[in-house]
Amino acid sequence: MTEIAIDRPESRRMGFFTDTTVCIGCKACEVACKQWNDLPADGAVFRKTSSYDHTGSLSASTWRHVRFVEQTEPVPLPDLPAYGGGNGGHGEVDLVAAAEAHGVPQMDRWLFMSDVCKHCTNAGCLDACPTGALIRTEFETVIVQPDVCNGCGYCVPSCPFGVINRDPYDGRAAKCTLCYDRLEDGLEPACAKSCPTDSILFGPYDELVETAKGRVLALHERGVTDAYLYGAGDEPGEQLAGELGAFFLLTAPPERFGLPAQAESPAQENGPVATAAGLAAAALGLAAAVGAFARAHRR
Amino acid sequence: MEAHPVGSRWAMKARERGAKIIHVDPHYSRTSAISDMHVPIRAGSDIAFLGGLIRHIIETESYFREYVVNYTNAATIVNADYQGPEELEGVFSGFDSGSGTYDRSSWMYEGGEVASAAGQREHSTQAFSDRTGAGMMTGNVRSDETLSDPRCIFQIMKRHYARYTPEMVERICGISEEQFLRVAETLIANSGRERTTMLAYAVGWTQHSSGVQMIRAGSIVQLLLGNIGRPGGGIMAMRGHASIQGSSDIPTLYEILPGYLPMPRANDDDLTLAGYVSGGGSQRGWWSHFDNYIVSLLKAWFGDAATPENGFGFPWLPKISGNHSHYPTMLRAFEGKLDGLLVMGQNPAVGSANAGLQRRALGAMKWLVVRDLAEVETANFWTEAPEDIGTEVFLMPAASHVEKEGHFTNTQRLLQWRDKAVDPPGDARSELHFTHHIAKRVMAHYEDSEDPKDWPLVNLHWPYSEHGSEQEPVVEEVLKEINGYDLETGELVPGFAQLKADGTTSSGCWIYSGCFADGVNQTRRRDPGDLDAPGGSVSPEWGWAWPANRRILYNRASADPDGKPWSERKKYVWWDEEREQWTGYDVPDFPVGKRPDYTAPDDAEGMDAISGDDPFIMMADGRAWLYSPSGLLDGPLPAHYEPYESPVPNHLYPKMGANPAAITWTHAANPIVPPGDDEYPIIASTFRLTEHHTAGPMSRNLPWLSELQPEMFVEIDPQLAAERGIEDGEWMTVVSPRAEIEARAKVTSRVQPLRMGDRVMHQVCMPWHWGAYTSSPQGVTGDAANDLIAISGDPNVSIQESKAFRCDVRAGRRDRATTERQAGTQDVESDHPPEEPKKLSQTDQADFR
Amino acid sequence: MSHASGPPPEDRIREDHRRAVEGAPDGGRDTTPAVGRRGGPALWRRAVEGSPVALARQAFKDARWSYLYKDDTSYRVRNGADANERIQAAARRMRGSTEIPEGVDANGPFINAPVWTWEVPAYFFLGGVATGSSFVALAADLAGDERSAAIARKVTIAAIGPGAPLLVLDLGRPARFLNMMRIFKPRSAMNAGAWCLMAFSTAGGAAVAADVLGRRRVAKVLGAQTALLGTYLGSYTGVLLASTAVPIWARSRLFLPPIFVCTAVATGAATNRLVLAATGMPSGHPTRDALGTIETVAMGAELALSSFNEKRLGQLADVLEHGRAGRLFEFARWAVRAGLMLRFTRGRFAWEHHVASGLYLAGGLAFRFAWIEAGKASAGDDEAVARMARGKATVKDRLRDGRTTARVRTSARHPGRDARAARVYADAVRRLSLAIEGVLRRG
Amino acid sequence: MGSSRPRIFEGLRELPVVGRALDWGMGASAASAETKKAGSRIAGLKVTESVCPYCAVGCGQLVYTRDGELVDVEGNPRSPINQGTLCPKGAASRQLVQQPGRLTKIKYRRPYATEWEELDLETAMDMIAERMIAAREDHWEERDEQGWKVDRTRGFAHLGGATLDNEENYLLKKLYTAMGAIQIENQARI
């Protein structure tokens with residue numbers, strides 16, 4: 001790939017395979033990432049309706065983020081009187097009436113998904129970056145060079161996965177580097193290393209994809225027919241941003257995890273079309289202006 | 001999983017190898033999410049559930065018969081006088097309703113004998129010998145291996161649990177019959193020769209007024225299914241603190257000495273070493289070496305001053321005479337009877353039951369020493385009302401785990417050494433440094449004393465050398481003392497088998513003897529071995545496990561009575577006929593050369609009395625006890641009793657409510673909701689979060705952890721929330737008679753109202769990690785769940801009932817500036833001394849309808 | 001500036017700690033709290049160059065991509081012959097449909113909103129004025145009005161002058177502005193724009209210099225060059241927005257650049273008209289007339305394209321109607337409509353047309369701000385992002401199948417209005433858009 | 001790999017001049033000198049083997065230090081317990097040691113005082129020893145109310161031990177028992 005900025009011919013593409021079916025939602029990856037990369041806390045904010053997720057999303061200082069999805073299924077209500085209810089010590093307490101008025105959805109599944117930069121093959125941030133701060137490394141990962149980034153902010157809306165962001169205090173954009181510095185010394189990235197159940201697997205990309213495919217088939221055999229790979233193994237034309245360096249095994253539609261069903265590098269998808277339209281319009285505009293002048297002056 | 005994420009690494013591996021994971025918990029946690037089945041249970045109804053399993057296993061004849069007959073006391077015949085709760089309306093024979101205690105003699109095996117109790121009080125070592133069966137005359141015990149004798153334990157159990165039917169389980173626990181049966185069938189299908197089932201619990205399970213009996217009920221299930229002493233089986237206590245196991249083995253606990261030797265107990269005769277040994281020692285089984293251990297301990301403590309003539313210094317040891325545990329001590333402090341307290345790495349102002357009372361007790365002391373990494377609530381409790389609180393407080397910086405060397409004993413009894421990485425900052429020092437230098441000062445003060453009471457201090461053997469500018473004592477010298485020396489040669493002893501009672505050996509903790517064998521710090525070994533080799537997961541060269549580096553206790557039970565593995569798949573320790581010894585992946589927990597077909601003669605003593613097919617060598621009869629003829633204070637078999645603060649009657653024993661032998665401390669500042677009180681209709685339970693640690697000082701001050709769980713919250717089901725107008729993420733208040741606390745509401749279907757027979761019951765669940773103070777600008781604070789909880793006690797170990805209590809909830813924040821609700825300051829006089837806790841009055845529970 | 005004010009919390013913690021230990025006797029160890037640093041990873045330097053990491057095995061040997069779940073587990077099965085098809089089918093089931101499955105909420109956030117503040121739309125506006133002026137200069141030159149051309153060239157430079165500082169101001173690290181120039185990267189609209197801006201400014205500046213030095217011919221050539229560069233300068237801002245994942249921008253990719261060009265031409269013409277009038281060009285001068293026509297046509301085209309685009313976007317365009325963006329759009333539209341009305345009063349009073357030009361400028365400015373605001377709102381619209389992503393499947397599928405009979409989603413939005421007209425209209429737009437896309441894709 | 005890219009783009013990429021331009025800015029010219037030298041900051045540092053201080057699972061940790069200061073704490077891959085993994089608490093243990101608000105000096109509060117004061121270590125140790133001795137003497141019980149021999153003091157108590165090392169618990173129990181103190185408790189009972 002000609003995009004690669006670091007020349008080490010012996011390197012292979014490395015990636016993450018995050019298997020949500022063995023994730024226990026412990027957030028070790030979030031903390032291990034902050035520990036190794038020395039990132040600050042994002043501020044302690046209690047978030048409503050987000051289950052146990054209080055960091056909210058990936059940000060310039062949260063490079064791994066665990067989403068919690070409480071999936072419920074409605075069930076018929078127990079048509080029964082309640083202990084301490086009915087005519088309890090609180091006057092109007094009537095839990096039975098309450099039960100009838102408000103259904104109690106039964107817990108179906110509690111899904112955890114450790115989100116991270118996808119290290120796309122067609123990376124929107126990389127395409128957008130005007131300074132070359134974002135580069136593709138010899139491991140075919142996408143990193144921001146902190147000594148180059150000037151904080152233009154263009155990568156932020158260019159990422160179709162909402163990964164990269166600009167730090168409001170520091171002014172530079174930052175995101176997961178797949179622990180580029182550790183990779184250089186043959187070490188596993190911090191999050192994958194810490195993951196207690198090896199839900200985050202790290203390794204040579206080709207091997208990971210094979211493992212992941214086998215995992216999906218194993219789950220299918222076990223009756224988990226919802227299991228699928230998000231970002232690897234797709235047919236050309238259906239790939240997500242040309243395949244994701246960090247891909248996932250999910251068991252629910254991607255929207256549940258804040259992931260788009262389809263994605264492409266916006267610069268590659270829209271850039272040529274828009275440029276052509278823009279230049280055409282500008283040429284037309286220029287011609288129109290010239291024409292208008294010529295007409296006016298001829299008069 | 002929720003509280004021990006790395007432990008769940010192996011659970012997940014097991015799941016991917018085909019294991020089924022069942023999670024029984026009132027609320028749906030992260031553990032439930034990865035389990036095959038979540039079984040929501042009403043908090044505190046566990047024995048009804050486990051009793052139901054026991055009944056099902058017996059009724060369907062699904063127990064592992066060969067294991068049960070040979071390795072447990074199922075066949076043993078019990079005294080004809082024994083009667084159980086079926087016959088006596090909820091109590092066992094021997095109950096004295098006046099004192100709320102049992103005379104346990106009728107529970108004995110027929111032909112067996114318990115060490116006679118001296119006078120009104122227990123003998124010094126009674127509780128201990130009870131636990132181990134020491135002193136029991138097993139030789140005359142009868143048994144019926146057909147398990148058909150109506151007085152054999154198997155038949156007694158069958159009768160005892162006959163009414164624990166699936167319908168009853170549904171009615172009591174709120175678990176549907178169908179789900180209960182699925183659990184039972186799964187357990188049965190995964191136990192036996194080829195498969196084993198493991199029961200793991202986090203220690204919240206013990207926090208009930210029948211806590212010990214709950215664990216017992218779990219072990220009965222496991223024994224019936226043949227899952228003890230085998231790989232992949234057992235009962236795993238997932239303990240909460242790094243070295244909580246170690247601090248029980250080498251106890252900072254009042255009723256035991258290192259190695260689970262009992263603390264001397266005051267008695268009408270002046271206790272002598274001989275009397276202590278005869279009470280605690282056993283004629284049969286491993287405890288027949290009792291005298292070796294206590295003498296070696298005294299030699300370690302008093303050195304040359306400990307001689308046979310002076311009973312090795314034993315007479316000078318302090319004696320206990322009641323319950324001196326944490327809660328009575330704090331209640332004494334509350335009454336102004338305690339001068340001072342030293343707190344090290346604990347935070348009772350947040351972490352102990354009735355935390356509001358704890359804080360006031362701290363304020364009634366003259367002085368307080370707190371040692372921790374940062375300022376904690378226990379050190380600055382006085383800031384609430386400085387002008388009223390006269391406690392003098394020393395808050396001392398402690399060294400962290402990387403700033404000192406030493407070893408932890410982790411939950412699997414594994415001793416692991418930590419090397420020192422950096423110096424502690426500033427005036428921070430290790431507790432070893434603190435203790436050593438306080439000891440030096442105290443000993444200097446008494447150097448010339450002639451007073452007999454000062455004998456232990458004058459003669460205290462304190463030989464530790466110091467190093468460095470901080471004068472830290474040399475840690476390995478302490479470890480060597482714990483391991484023990486042969487005092488004649490000056491060599492370290494290789495293990496506890498070499499300890500002697502004649503004063504020629506020393507050992508600070510006999511069960512740890514061998515941790516410095518061969519002059520090598522065994523706890524510092526770091527060779528994991530080949531984990532993929534057969535049995536490689538044992539990793540015997542990683543650290544050192546007590547006793548004698550055994551990783552699975554009673555592992556003789558992993559082989560059948562003939563010494564062959566139960567199955568190839570589950571082989572672990574077996575008899576090697578060629579080499580005439582026990583062998584396997586682990587160190588055999590059995591005399592290594594004792595043939596499986598050895599039969600103990602009737603008059604045998606010591607280890608000779610253990611036959612070759614009796615794997616449970618610490619028990620006098622070598623058998624695992626389905627039924628405990630002695631050892632427990634509240635019954636030989638677990639029976640279902642309601643929690644103190646149960647909102648429902650006891651459906652199994654309508655005359656009973658809570659455990660009749662359980663203890664409480666009646667106190668105006670420690671009120672308990674009476675049964676039938678409608679004011680607190682909701683059941684509450686507490687739990688831990690992955691992101692925080694215990695009472696919070698190790699996590700709430702850390703920005704990286706605080707942001708993950710920033711505020712105290714209460715999990716509440718959508719139905720109750722709607723009924724009370726509580727919205728997700730908004731404030732809500734939880735009220736108990738002790739306190740009212742505010743928290744964020746987490747309205748979630750992970751908490752479900754329980755369908756119990758003909759009614760619906762609501763539960764709320766809350767974490768207990770928050771407290772009023774953080775030392776970090778990016779730390780978090782919140783109200784403490786323990787403010788809500790009453791001080792109470794299981795009869796056996798005085799643990800409080802904090803996993804099932806009653807409360808009410810409402811929307812909005814609390815009204816008061818403080819959480820304490822019923823101050824109880826006007827009337828602090830309790831109606832009994834704290835160290836003699838009161839049994840729960842039966843009249844308190846009468847007529848619950 | 002889009003910076004948070006004051007030092008970050010962790011710097012304050014470090015500062016408090018430093019002050020607390022200052023003057024105290026040396027406690028030995030450095031106790032600076034580990035609370036992290038912002039803006040990138042920790043130091044990427046080996047402690048000892050060339051040294052390995054102690055107790056870590058080299059070459060990823062400690063990385064356990066098959067460590068826990070080995071062959072003794074059922075973690076994976078051997079991939080059979082049809083494995084790939086089954087994997088692809090599984091993914092297609094979950095993310096291949098054109099609609100979000102029923103009952104599934106879009107659990108955002110999906111994408112990050114742009115962080116840009118007022119500097120960027122202000123620059124877009126000024127860049128537009130400069131582009132328009134460069135066009136005027138060229139047109140005037142070609143029409144022989146050298147004076148107007150010279151003035152227009154000056155206006156060009158005056159407008160583009162503050163552009164670069166504004167862009168610098170918007171950067172998170174303004175001192176590193178020149179890093180934009182360390183590479184040439186046509187795929188990045190911003191990089192190309194930065195180069196273009198430099199070239200445009202240089203050419204424009206040189207043209208003005210030539211004017212001042214009286215080198216008319218040189219000025220003319222340089223002016224033409226500036227106008228040529230202007231075709232990109234005036235449109236790349238639209239490209240820049242369209243080349244993002246923000247639904248309202250990305251789905252307007254065929255319209256945004258033309259819209260921005262229209263605004264550029266209109267505001268450029270309006271500025272020049274006012275400047276020329278102020279410098280004494282009489283009413284009725286052909287240049288003034290021409291400029292009036294240009295600004296009106298361009299603004300009218302802008303308005304038409306905008307409405308066209310908005311209709312075409314359907315539900316996505318909600319963000320153009322609500323909130324700050326909605327108010328700005330509303331203002332811009334009314335300003336332009338008012339300007340058009342004044343224009344068509346046929347000049348009873350001279351000031352009417354000046355006011356019209358002013359209204360165009362105000363409208364143009366408001367449009368720029370509105371588009372940025374709309375982008376921010378659109379990025380936060382989880383439903384829109386999720387649906388846009390699903391919609392991509394639609395476009396691709398239809399292109400592949402050669403089918404162009406698309407369902408018209410816009411009609412559902414205005415059931416009360418003339419549904420049939422809307423359908424026909426939107427369908428026409430869709431066909432056009434698909435046809436252009438198809439042509440471009442076929443390359 | 002890039003087959004999903006619009007074909008127009010792909011086609012252009014193969015052209016000799018334009019194609020090169022399309023990759024401009026993404027190749028070697030973009031990498032900075034610093035990036036080319038990147039490596040892990042623990043390479044060449046001293047490592048110490050430790051055990052996680054939080055729960056009782058006993059995960060092995062590797063502690064990397066530079067000049068007596070912590071640089072990194074991560075899981076020990078050799079430990080058969082955790083195989084290099086850690087939970088969020090374990091992963092945060094560097095921040096536990098280097099926490100904001102870490103105590104490094106003794107804080108002393110006089111009775112009824114509203115503020116902390118500072119105290120030096122030796123003075124504090126002397127004062128604490130004095131108080132322990134005084135509590136022992138003031139509350140010495142040779143016999144209890146029934147006349148049974150007890151040889152003890154209930155003047156002071158101890159709490160905590162589950163977070164300490166076994167050596168520390170051992171010396172604590174040894175010293176307290178020698179002093180006759182019996183109200184020694186830790187977290188095992190809560």
Side-chain angles (χ1 to χ4, degrees), chain B residues 4-7 239 241-242 244 246-248 250 252 266 270 318-319 324 326 329 339-346 367 374 386 390 392-393 395-397 400-402 406 410-411 416 418-419 421-422 425-427 431-432 435 438-439 441 456-457 460 478 528 539 542 693 702 704-705 775-776, chain D residues 48 50-51 53-59 63 65 68 78 80 82 87 92 95 97 99-101 103-107 109 111 114 121 129 131 133 135 144 148-152 155-172 175 178 180 182-188:
Chain B
H4 304 89
V6 179
R239 308 193 70 173
H241 298 79
I244 194 156
S247 65
S248 307
I250 299 181
T252 32
D270 289 357
K319 289 119 195 111
H324 308 288
H326 172 35
T329 301
D339 277 8
L341 175 70
L342 298 105
V343 183
M344 300 183 189
Q346 191 168 349
W367 54 267
E392 183 185 26
V393 184
L395 172 58
M396 306 184 77
S400 74
H401 73 297
V402 294
N410 299 113
T411 198
Q416 295 194 90
R418 297 184 330 269
D419 294 332
V422 291
D427 285 341
E431 272 66 37
L432 203 70
T435 315
I438 290 288
R441 283 167 166 81
L457 283 168
L460 192 59
V478 182
S539 294
W542 184 271
H693 189 62
L702 272 50
W704 288 334
L705 296 176
S775 58
S776 158
Chain D
T48 311
S50 192
V51 178
Y54 284 93
C55 83
V57 169
C59 300
V63 181
T65 54
R78 288 201 298 160
N82 58 316
C87 79
Q95 204 173 42
V97 179
Q99 62 177 289
L103 274 179
T104 54
K105 291 191 194 65
I106 292 165
K107 284 183 166 185
R109 186 247 178 183
T114 54
L121 184 58
R131 277 153 186 73
I133 291 165
D144 68 3
W148 295 351
K149 213 158 165 2
V150 289
D151 300 314
R152 70 186 182 195
F156 70 91
H158 168 94
L159 204 52
T163 56
L164 311 183
D165 297 346
N166 290 331
E167 290 84 358
E168 295 172 334
N169 276 300
Y170 177 74
L171 286 198
L172 285 166
L175 172 65
I182 55 167
Q183 299 159 120
I184 314 303
E185 283 282 281
N186 67 33
Q187 291 94 326

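Quick note: numbers below take in every heavy atom, side chains included, and nothing from hydrogens, waters or symmetry partners. Within every chain, numbering begins at 1; the chains are lettered A, B, ... in the order of the sequence lines, protein sequences first and strands thereafter.
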Task: From OG1 (B:T329) to NE2 (D:H158), nearest 0.5 Å - done: 12.0 Å
Task: Close side-chain approach of B:P397 to D:I106, heavy-atom, < 4.5 Å - done: yes
Task: Note, B:L341 side chain near D:L159 side chain (heavy atom, < 4.5 Å) - done: yes
- [ ] Could you tell me which portion of D:V150 (side chain, backbone, both or neither) has an atom closer than 4.5 angstrom to a non-hydrogen atom of chain B?
- [x] both
Task: Side chains of D:C87 and B:V6 in contact at under 4.5 Å (non-hydrogen atoms) - done: yes
TODO: Give, as side chain, backbone, both or neither, the part of D:T65 having an atom under 4.5 angstrom from any heavy atom of chain B.
DONE: side chain
Task: D:Q187 CD to B:T252 OG1 distance, which is reported to the nearest 0.5 Å - done: 7.5 Å
Open item on the list: Among B:P318, B:A374, B:A439, which residue has the highest count of heavy-atom pairs closer than 4.5 Å to chain D?
Closed with: B:P318
- [ ] Quick one: list whatever passes salt bridge (charged side-chain N to carboxylate O under 4.0 Å, His left out) with D:E185, sequence neighbours left out.
- [x] D:R189
TODO: Answer whether the closest heavy-atom distance between the side chains of B:M396 and D:L121 falls below 4.5 Å.
DONE: yes
Open item on the list: If you compare all heavy atoms of D:P80 against all heavy atoms of B:W542, which two are closest, and at what distance to 0.1 Å?
Closed with: CD-CD2, 3.2 Å
Open item on the list: Would the distance check show the side chain of B:E392 and the main-chain N or O of D:P111 forming a donor-acceptor pair, the cut-off being under 3.5 Å?
Closed with: no
- [ ] Applying side chain to side chain contact (heavy atoms under 4.5 Å, CB included) between B:S247 and each of D:N166, D:N186, D:L164, D:L172, report the one that passes.
- [x] D:N186
Open item on the list: So which residue, D:A178, D:C55, D:G160, ends up with the most heavy-atom pairs under 4.5 Å with chain B?
Closed with: D:C55
Task: Atom group of D:T104 that falls short of 4.5 Å from chain B, counting heavy atoms - done: both
- [ ] Could you tell me which portion of B:W704 (side chain, backbone, both or neither) has an atom closer than 4.5 angstrom to a non-hydrogen atom of chain D?
- [x] both
Open item on the list: If we define contacts as heavy-atom pairs under 4.5 Å, which of D:S50, D:A157, D:A92 has the most with chain B?
Closed with: D:A157
TODO: Determine the option with the most heavy-atom pairs under 4.5 angstrom with chain B, choosing from D:E168, D:R78, D:Q99, D:K149.
DONE: D:E168
Task: Value rounded to 0.5 Å, distance of CD in D:Q95 from OG in B:S776 - done: 7.5 Å
- [ ] Check whether any side-chain heavy atom of D:P53 lies under 4.5 Å from a side-chain heavy atom of B:R418, and answer yes or no.
- [x] no
Task: Leading residue by heavy atom contact count with chain B [cutoff under 4.5 Å; candidates D:G101, D:A135, D:A129, D:C59] - done: D:G101
- [ ] Could you check D:D165, D:T163, D:V97 and say which one makes a side chain to side chain contact (heavy atoms under 4.5 Å, CB included) with B:H401?
- [x] D:V97
Task: chain D contacts, top residue of B:Q346, B:H326, B:H324, B:R239 (heavy-atom pairs, under 4.5 Å) - done: B:Q346
- [ ] Can you label the angle between the D:Y54 ring and the B:H693 ring as parallel, tilted or perpendicular, going by 30° and 60°?
- [x] perpendicular
Open item on the list: Quick check for you: among B:V343, B:V402, B:L460, B:I244, which has the greatest number of heavy-atom pairs under 4.5 Å with chain D?
Closed with: B:I244
TODO: Of all the heavy-atom pairs spanning B:I250 and D:Y170, show the shortest one and how long it is.
DONE: CG2-CA, 3.4 Å
Task: Heavy-atom donor-acceptor pair, B:Q416 side chain to D:V51 backbone, under 3.5 Å - done: no
